[in-house]
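Structure first, then comments.
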There are 2 protein chains.
Amino acid sequence: MSQGNRKLRLYVTIGQRLFRDSLLFQLLLHSDIDLVGESESGIDTLNRLESAKPGVLIIEENLLDNDGLTIAENALSMHPTLSILLISDTPVSASRLAIYLESGIKAVVSKHQPIQDLVKTLFYIRNGQVYVGAWNKPDTPSQGLINAYHALSGREREVAEMIANRTPIKEIAAQLGVSCKTVHSYKDRIFIKLGFERLPELILFMKRHHNGAAA
Amino acid sequence: MSQGNRKLRLYVTIGQRLFRDSLLFQLLLHSDIDLVGESESGIDTLNRLESAKPGVLIIEENLLDNDGLTIAENALSMHPTLSILLISDTPVSASRLAIYLESGIKAVVSKHQPIQDLVKTLFYIRNGQVYVGAWNKPDTPSQGLINAYHALSGREREVAEMIANRTPIKEIAAQLGVSCKTVHSYKDRIFIKLGFERLPELILFMKRHHNGAAA
DNA sequence: CACATTTGTAGGAATTTCCTACAACAGATT
DNA sequence: AATCTGTTGTAGGAAATTCCTACAAATGTG
């Protein structure tokens, strides 16, 4: 099976159900993610890796029963090909990061980073590559995304705003005097240019972008 | 505007960006949720409620700068019609719950509850009704959902499993010797019977249900 | 046995997704 | 000024998905 269409076998260790649920839900919207298991405790994770056979493990740094880093190190010694993404409570210092990388952890994402960072990182490390950051200022759409938005044509921005306001496609078409197919084409192009896949991404971006410091 | 199609004006106060993002993303998949603002701190929330005019505020109990309950009480005194859903770190005791309800908080959802509880609660309290729980055992699909699953016909369960395994609709149709339209009809009925709206809900349920204690 | 409900199956219409196409426009180059 | 290239505005085709409806056969109930 080629690299391109191989599923990402994911195991997730997050203590709080609400957080784990909402993260899992979002990741499972991606069709090439295969959830092979989940735990709230480190010890359960260690017990289940053998049968679950994940390629990527997402694990919190601060678990209830254990230090996530310790669990991660144990997991790596048992499964050297496993790629681990550590979720830290705070942005990590350079010295701390060096320790993690030395342990074999492939990525660290802080809980203060946007979800897009975690998703991007996830697909980045599934091939075993190493990723570290956050380099974007939290709570602000990245400059690249803002640039991409400003690069949209006037008509595209007009349609983006209406779509983000949940205006029905038929109503947008009527107001702009174009066909529904045209509005769909615009939506298609907007999502491609901004790198979005789903409507909530656009809604959140437009909300945050127009409010400046609203987040 | 009738109650039925009124949008739910939502403001969310959650300190950690990753958690807030994934929760917001999921809530915004619902077309009748209108996000009017978000903050990571209680003080920002109090400053923005006047202009944001939310109907429902979701706020964490433990914020970085303040006690969520204090912020919630302040918010309520400024905006008596606001419905507040408090996210607690731990399941709350009956005595603690009484305090919250006395403060005018409409619902408390613990971080150890499934996301469906929060979503259900959200739509429950938007009309001002009071909701408290969790009554379901965490990390286990509720008994009602399991009962609903067992009430599916054999064919429905067969199709549910294949869909949850991300088998393409065309392949399911070919394997079962029926048309694609038939498979879509089955999917439609399965989602209605189980109360699901999107594929990740089914995937997570099937994964957890078949694994028993896997979560 | 009669009746009601469920199951298995599938079509119609509308919407959405993915892709392609083309004329007009705008900017860059010669 | 002419030509070339890329972008914009617009929209169709085909396939997939959603929402809804329909019907014969099977099953369950009284």
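Remember, predicted model here, so these are calculated numbers, not experimental data. Letters A, B, ... mirror the listed sequences (proteins, then strands); counts begin at 1.
Under 4.0 angstrom from either OP1 or OP2 of D/dT17 there lies no side-chain N or O belonging to B/K187. Contact between the side-chain N/O atoms of A/S153 and the OP1/OP2 oxygens of D/dT7 is not found at any separation under 4.0 Å.
Protein atom CG of A/L29 is 13 Å distant from nucleotide atom P of C/dT17, rounded to whole Å. Atom CG of A/L152 and atom C1' of D/dT8 are 12 Å apart (whole Å). Taking atom CG on B/D188 and atom P on D/dC20, their separation rounds to 8 Å, with Å as the unit. Atom CZ of A/R198 and atom C1' of C/dT16 are 14 Å apart (whole Å). Between B/I190 atom CD1 and C/dT7 atom P there is a gap of 12 Å when expressed in whole angstrom units. Atom CD1 in B/I192 sits about 12 Å away from atom C1' in D/dT21, given to the nearest Å. C/dT17 atom P lies 8 Å from atom CZ of A/F191, rounded to whole Å.
B/L85 contributes atom CG, which lies 11.5 Å from atom OG1 of B/T13 (distance to the nearest 0.5 angstrom).
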Which atoms of nucleotides 23-30 of chain D (N or O only) lie under 3.5 Å from a protein N or O atom, and what are those distances?
none

Give me, pair by pair, the N or O atoms of the protein and of nucleotides 25-27 of chain C that are less than 3.5 Å apart, along with how far apart they are.
none

Output one line per pair: protein atom, nucleotide atom from nucleotides 10-16 of chain D, and distance, for all N/O pairs under 3.5 Å.
residue	atom	partner	partner atom	Å
D/dT10	OP2	A/R155	NE	2.9
D/dT10	OP2	A/R155	NH2	3.1
D/dT10	OP2	A/Y186	OH	3.3
D/dA11	OP2	A/S179	N	2.8
D/dA11	OP2	A/T182	OG1	2.7
D/dA11	O5'	A/T182	OG1	3.3
D/dA11	N7	A/S185	OG	3.0
D/dA11	N6	A/S185	OG	2.8
D/dG13	N7	A/K181	NZ	3.3
D/dG13	O6	A/K181	NZ	2.8
D/dA14	N6	A/K181	NZ	3.1
D/dA16	OP1	B/K170	NZ	3.4

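Side-chain atoms of B/D44 and B/S41 include a donor-acceptor pair closer than 3.5 Å.
Using a 4.5 Å cut-off on side-chain heavy atoms (C-beta onward), B/M162 and B/Q175 make contact.
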